[in-house]
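Structure record follows, encoded as structure tokens.
Quick note on labels: first sequence line is chain A, next is B, and so on, each numbered from 1.
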Amino acid sequence: MPAAGKIKVMEPTFTDRVKQVLKSIPYGKVTTYGQVAMRAGNYRAARQVVRVLHTSSKKEKLPWHRVINRQGKISLKPGAGFEEQARLLSKEGIPVSETGQVDLDTFLWCGDPDPFAE
DNA sequence: TTAGTGACAGGCA
DNA sequence: CTGCCTGCCACTA
């Protein structure tokens, strides 16, 4: 028997779950950092979601552009990815104002599409 | 190990 | 409407 010491079953970290959530965001929708954090298990870990995007979006293919802040706007600054995100969103049919404002009432992904809701 | 980080959120003026 | 402040969390160096 190999002295396998401790085989710790590492649960996915919060960050890993965030990635999973990001992959679950449907095309043509957006969500907020808080929403992602909430679906990942901690609505207060919005800051952590930020970190995930910072760290993972550079190495992994995540729909990071579908994540905006609670105000419904792109948090990135012009010249720091703002344009790219706005472009990607508009490409998915999501109108983006010049200020980066998106209509959350229409495009916010509530995580649970309700076909009967109007 | 400790300290620092950060593309937030919410409250208040 | 905007701006400033605080709380908040889990990861990274």
Side-chain angles (χ1 to χ4, degrees):
Chain A
M1 269 299 283
K6 324 170 174 192
I7 296 182
K8 286 208 311 196
V9 181
M10 290 267 290
E11 284 180 24
T13 62
F14 180 82
T15 301
D16 291 323
R17 286 173 147 198
V18 170
K19 296 176 189 173
Q20 198 63 35
V21 173
L22 292 176
K23 293 175 184 174
S24 302
I25 303 173
Y27 177 97
K29 290 283 184 180
V30 297
T31 190
T32 70
Y33 298 91
Q35 278 288 327
V36 174
M38 193 188 303
R39 284 181 62 76
N42 292 335
Y43 100 93
R44 302 178 202 196
R47 310 293 302 273
Q48 187 58 19
V49 175
V50 170
R51 277 195 96 69
V52 175
L53 296 182
H54 261 271
T55 308
S56 302
S57 66
K58 296 178 181 178
K59 300 172 183 176
E60 301 185 39
K61 292 181 181 179
L62 298 171
W64 59 271
H65 57 271
R66 294 189 191 141
V67 185
I68 58 181
N69 63 25
R70 221 347 144 115
Q71 304 173 62
K73 355 180 253 195
I74 295 173
S75 294
L76 294 168
K77 302 174 189 172
F82 177 95
E83 293 183 359
E84 186 176 324
Q85 184 165 16
R87 185 163 68 49
L88 290 168
L89 290 176
S90 61
K91 244 186 154 174
E92 298 196 354
I94 302 173
V96 181
S97 292
E98 295 183 25
T99 58
Q101 180 71 52
V102 175
D103 183 3
L104 286 182
D105 291 327
T106 305
F107 298 100
L108 176 64
W109 175 53
C110 294
D112 212 76
D114 197 343
F116 298 95
E118 296 237 16

Spacing between [X] atom [atom1] and [N] atom [atom2], to the nearest angstrom:
X      : N      : atom1 : atom2 : result
A:L108 : B:dC8  : CG    : P     : 16 Å
A:N69  : B:dG10 : CG    : P     : 10 Å
A:Q71  : B:dC8  : CD    : C1'   : 9 Å
A:L22  : B:dC8  : CG    : C1'   : 14 Å
A:Y33  : B:dG10 : OH    : P     : 14 Å

Whether [X] side chain and [Y] backbone form a donor-acceptor pair below 3.5 Å:
X     : Y      : value
A:Q85 : A:V67  : yes
A:N42 : A:R44  : no
A:T55 : A:V52  : no
A:S97 : A:G100 : no

Under the criterion side-chain contact (heavy atoms from CB on, under 4.5 Å), which of A:L76, A:L22, A:V49 is the partner of A:W64?
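The residue from A:L76, A:L22, A:V49 that satisfies side-chain contact (heavy atoms from CB on, under 4.5 Å) with A:W64 turns out to be A:L76.
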
Which atoms form the tightest heavy-atom contact between A:S75 and A:N69, and what is the distance?
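Reported closest heavy-atom pair: OG-ND2, 3.0 Å.
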
Scoring nucleotides 8-13 of chain C by protein non-hydrogen atoms under 4.0 Å (B base, S sugar-phosphate only, - none) yields BBBBS-

So what stems show up for DNA chain C if we need 3 or more Watson-Crick or G-U pairs in a row, all under 3.5 Å?
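When the pairs of DNA chain C are grouped into runs of at least three, the stems are B:2-6 with C:9-13, B:8-13 with C:2-7.
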
Less than 4.0 angstrom between a side-chain N/O of A:T32 and OP1 or OP2 of B:dC8, yes or no?
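Looking at the OP1 and OP2 atoms of B:dC8, neither is under 4.0 Å from any side-chain N or O of A:T32.
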
I'd like to know if A:E92 pairs up with A:K29 as an ion pair, taking the criterion as any Lys NZ or Arg NE/NH1/NH2 lying under 4.0 Å from an Asp or Glu carboxylate oxygen.
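Here A:E92 does not pair with A:K29 in a salt bridge, since their nearest N and O are not under 4.0 Å apart.
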
Just checking A:E60: does its CD atom have more than 12 heavy atoms from other residues, nucleotides or ligands closer to it than 6.0 angstrom?
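Yes, the 6.0 Å shell around CD holds more than 12 heavy atoms from other groups.
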
